[in-house]
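Residue numbers count from 1 along this sequence. Keep in mind that this is a model prediction, so the values were computed, not measured. Atoms considered below: every heavy atom in the structure, side chains included; atoms not considered: hydrogens, waters and symmetry mates.
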Amino acid sequence: MRRHMAPIKEQKHTTSAEQQVMLDAELQLWNHTFGYVKSMALKAAIDLGIPEAIHQHGGTATLPQIVTRVTLHPSKTPCLRRLMRVLTLTGVFGAQEAHDDDGGCDDELVYTLTPASRLLVGSPGQNVGPFLTVMLGPIFMSSFLDLRGWFQHETPDPSPFKMTHGRDIWELAAHDAAFGRLFDAGMVADSSFIMDVVVRECGGVFEGISSLVDVAGGLGGATQTIAKAFPNLECSVLDLPNVVASAPTDTAVKYVAGDMFESVPAADAVFLKGDADCVKILKNCKKAIPAQGGKVIILDIVVGAGSSCDRKNVETQCLFDLFIMFINGAERDERQWKKIIFEAGFTSYKIIPVLGIRSIIEVCL
């Protein structure tokens with residue numbers, strides 16, 4: 001005769017207020033400590049090609065369907081399920097129950113692309129995957145493993161990156177061809193994505209000018225987007241000779257070899273994507289533009305601008321400020337930007353915070 005076991009009753013227990021505070025504090029520390037696992041899970045998804053696998057299935061796919069399109073040892077399928085659980089909890093992918101032909105629920109979840117993972121598939125200009133790949137790679141990540149040692153050195157040298165790798169980021173890109181290609185691809189992907197938004201949302205800043213020079217514009221990804229959107233605008237890129245040597249030739253954009261710390265070619269407007277925190281650079285930009293109608297257009301983070309009521313927005317701005325410290329860079333709030341702009345000799349500026357965590361800063365004489 002089969003014995004029937006009584007169901008196990010969940011015992012109710014009320015944690016004291018003092019203990020709950022301690023447990024919540026532990027949870028906060030654990031969440032910080034294991035936060036890097038979210039980054040590594042995202043890296044694994046990109047490296048394995050999971051977003052593309054789901055995309056190729058029409059935007060929804062079960063785990064067995066994903067497995068058919070990624071390189072994975074069969075024994076790791078249960079591990080992939082655990083990876084997908086983290087990626088769905090953090091919003092990279094969505095998940096819903098699958099239904100069989102009779103309308104019942106299947107055991108398999110159906111994974112879907114979210115707005116975030118849709119940015120990891122598709123054509124250049126919409127795919128930020130190459131940018132995330134270089135940000136999450138070991139060369140960048142390792143620069144943060146000895147911040148204690150870096151804090152004990154006098155500012156400004158060496159940067160955490162140089163302290164770790166013996167070269168600054170541009171020297172390493174020139175020395176290590178594989179890293180150089182990875183870095184260039186990442187920068188182009190980021191520029192292509194954000195500049196598509198810039199010309200749509202902030203196109204007015206490029207109106208009324210006939211020439212523009214992109215200072216430290218690299219291979220010209222940002223400038224080519226501007227030139228395509230404004231075909232009557234004469235666009236050029238200023239960068240170091242070794243960068244200009246690799247610039248594309250099948251474009252109307254002109255490339256000028258030089259050093260922004262020495263001088264900037266004359267133009268109606270100067271475009272800066274980052275690197276604008278140096279007063280000397282802004283002073284050189286001021287010399288390059290006409291007194292009437294000239295302007296400097298800066299694309300960068302203004303900490304606290306934009307959706308300041310959105311904690312994630314401000315947190316991401318502050319995280320990126322700490323991140324960019326790895327090359328001795330810095331992000332600024334409006335007060336700090338104002339000080340730099342006025343110290344360089346400009347008299348007015350306007351912040352246009354419509355680019356997510358980034359803004360356009362229009363600086364005039």
Nearest heavy-atom neighbours spanning Ser359 and Val302
CB-CG2, 4.1 Å

Going by distance alone, is a donor N or O of one side chain under 3.5 Å from an acceptor N or O of the other, for Arg69 and His57?
yes

Which of parallel (below 30°), tilted (30 to 60°) and perpendicular (above 60°) describes His165 and Phe161?
tilted

Group every Ile, Leu, Val, Met, Phe, Trp and Tyr by side-chain heavy-atom contacts under 4.5 Å, then state whether Ile169 and Leu219 land in the same group.
no

Report yes or no: do Asn328 and Ser159 form a side-chain donor-acceptor pair below 3.5 Å?
no

Working to the nearest 0.5 angstrom, can you tell me the gap between Asp300 CG and Ile360 CD1?
9.5 Å

Quick check: closest heavy atoms across Asp239 and Ala216, and the distance to 0.1 Å?
OD2-C, 3.3 Å

If you compare all heavy atoms of Leu80 against all heavy atoms of Leu48, which two are closest, and at what distance to 0.1 Å?
CD1-CD1, 4.5 Å

In this structure, SG of Cys79 is separated from NE2 of His73 (nearest 0.5 Å) by 11.5 Å

Donor-acceptor contact present, side-chain Asp321 to main-chain Glu331, <3.5 Å:
yes

Please tell me whether Asn284 and Ser263 have a donor and an acceptor in their side chains that are separated by less than 3.5 angstrom.
no

Residue pair Gly122 / Glu52: nearest heavy atoms and the distance that separates them
N-OE1, 4.4 Å

Out of curiosity, does Met187 fall in the hydrophobic cluster containing Ile357 (side-chain heavy atoms, cut-off under 4.5 Å, transitive links)?
yes

Correct closest heavy-atom pair for Ala41 and Val86 would be CB-CG1, 4.2 Å

Would you call Leu238 and Met260 a side-chain contact if the rule is heavy atoms closer than 4.5 Å?
yes

Applying side-chain hydrogen bond (donor to acceptor under 3.5 Å, both in side chains), name anything that partners Gln317, two or more places apart in sequence or on another chain.
none

At what distance, to the nearest 0.5 angstrom, does NE2 of His32 lie from CG of Leu27?
10.5 Å

Criterion side chain to side chain contact (heavy atoms under 4.5 Å, CB included) against Leu83, the qualifying member of Ile50, Leu42, Thr88:
Ile50

Do Ile361 and Val270 share a hydrophobic cluster, counting only Ile, Leu, Val, Met, Phe, Trp and Tyr and linking them when any side-chain heavy atoms are less than 4.5 Å apart?
yes

For Lys287 and Pro265, indicate whether the former's side chain and the latter's backbone hold a donor-acceptor pair under 3.5 Å.
no

Would you please indicate yes or no on a ring centroid separation below 6.0 angstrom for Phe206 and Phe230?
yes

Taking side chain as C-beta onward, heavy atoms only, is Leu233 less than 4.5 Å from Ile226?
yes

Any chance CD of Glu18 has more than 12 other-residue heavy atoms, nucleotides or ligands included, within less than 6.0 Å?
no

Connected via hydrophobic side-chain network under 4.5 Å: Trp337 and Phe342
yes

In plain terms, say whether Glu234 and Lys254 are close enough for a salt bridge, that is, a side-chain N and a carboxylate O under 4.0 Å apart.
yes

For Asp24 and Gln28, which I'm curious about, is there any donor-acceptor pair between the side chains at under 3.5 Å?
no

Which atom of Leu272 lies closest to which atom of Cys285, heavy atoms considered
CD1-SG, 4.1 Å

Ring centroid separation Phe326 to Phe323 under 6.0 Å
yes

Judged by atom type as modelled, is there a donor-acceptor pair below 3.5 Å linking the side chain of Thr68 to the main-chain atoms of Gln65?
yes

Ring center gap for Phe131 and Phe193 short of 6.0 angstrom:
no

Measure from the side-chain N and O atoms of Gln336 to the backbone N and O of Asp333, and report whether any donor-acceptor pair falls under 3.5 Å.
yes

Please examine the side chains of Leu147 and Pro160, heavy atoms only from C-beta on, and report whether any two atoms are closer than 4.5 Å.
yes

Non-hydrogen side-chain atoms of Val363 and Lys295 separated by less than 4.5 Å:
no

Can you check whether Val213 reaches Val237 side chain to side chain, under 4.5 Å on heavy atoms?
no

Main-chain N/O of Lys162 paired with Asp168 side-chain donor or acceptor, under 3.5 Å:
no

How about Ile298 and Leu282: do any of their side-chain heavy atoms sit closer than 4.5 Å?
yes

Side-chain heavy atoms nearer than 4.5 Å, only ILVMFWY residues, links allowed to pass through others: does that put Ile281 and Val279 together?
yes

Electrostatic pair Arg358:Asp190 at N-O distance under 4.0 angstrom:
yes

What's the spacing between Phe93 CZ and Ile66 CD1 if we round to 0.5 Å?
7.0 Å

Whether Ser192 side chain and Ala189 backbone form a donor-acceptor pair below 3.5 Å
no

Could you measure the distance from the CG atom of Asp47 to the CE atom of Met40? Nearest 0.5 Å is fine.
9.0 Å

Between Lys339 and Glu343 (salt bridge meaning N to carboxylate O under 4.0 Å), is one present in this structure?
yes

Hey, could you give me the CD1/CG distance between Ile301 and Leu355, rounded to the nearest 0.5 Å?
11.0 Å

Is any side-chain N of the basic residue among Arg81 and Glu108 closer than 4.0 Å to the acidic one's carboxylate O?
yes

Are the side chains of Val303 and Cys318 in touch, meaning some heavy atoms are under 4.5 Å apart?
yes

Backbone N or O of Thr112 within a donor-acceptor pair of the Thr60 side chain at under 3.5 Å?
no

Backbone N/O of Leu113 and side chain of Ser117: donor-acceptor pair under 3.5 Å:
no

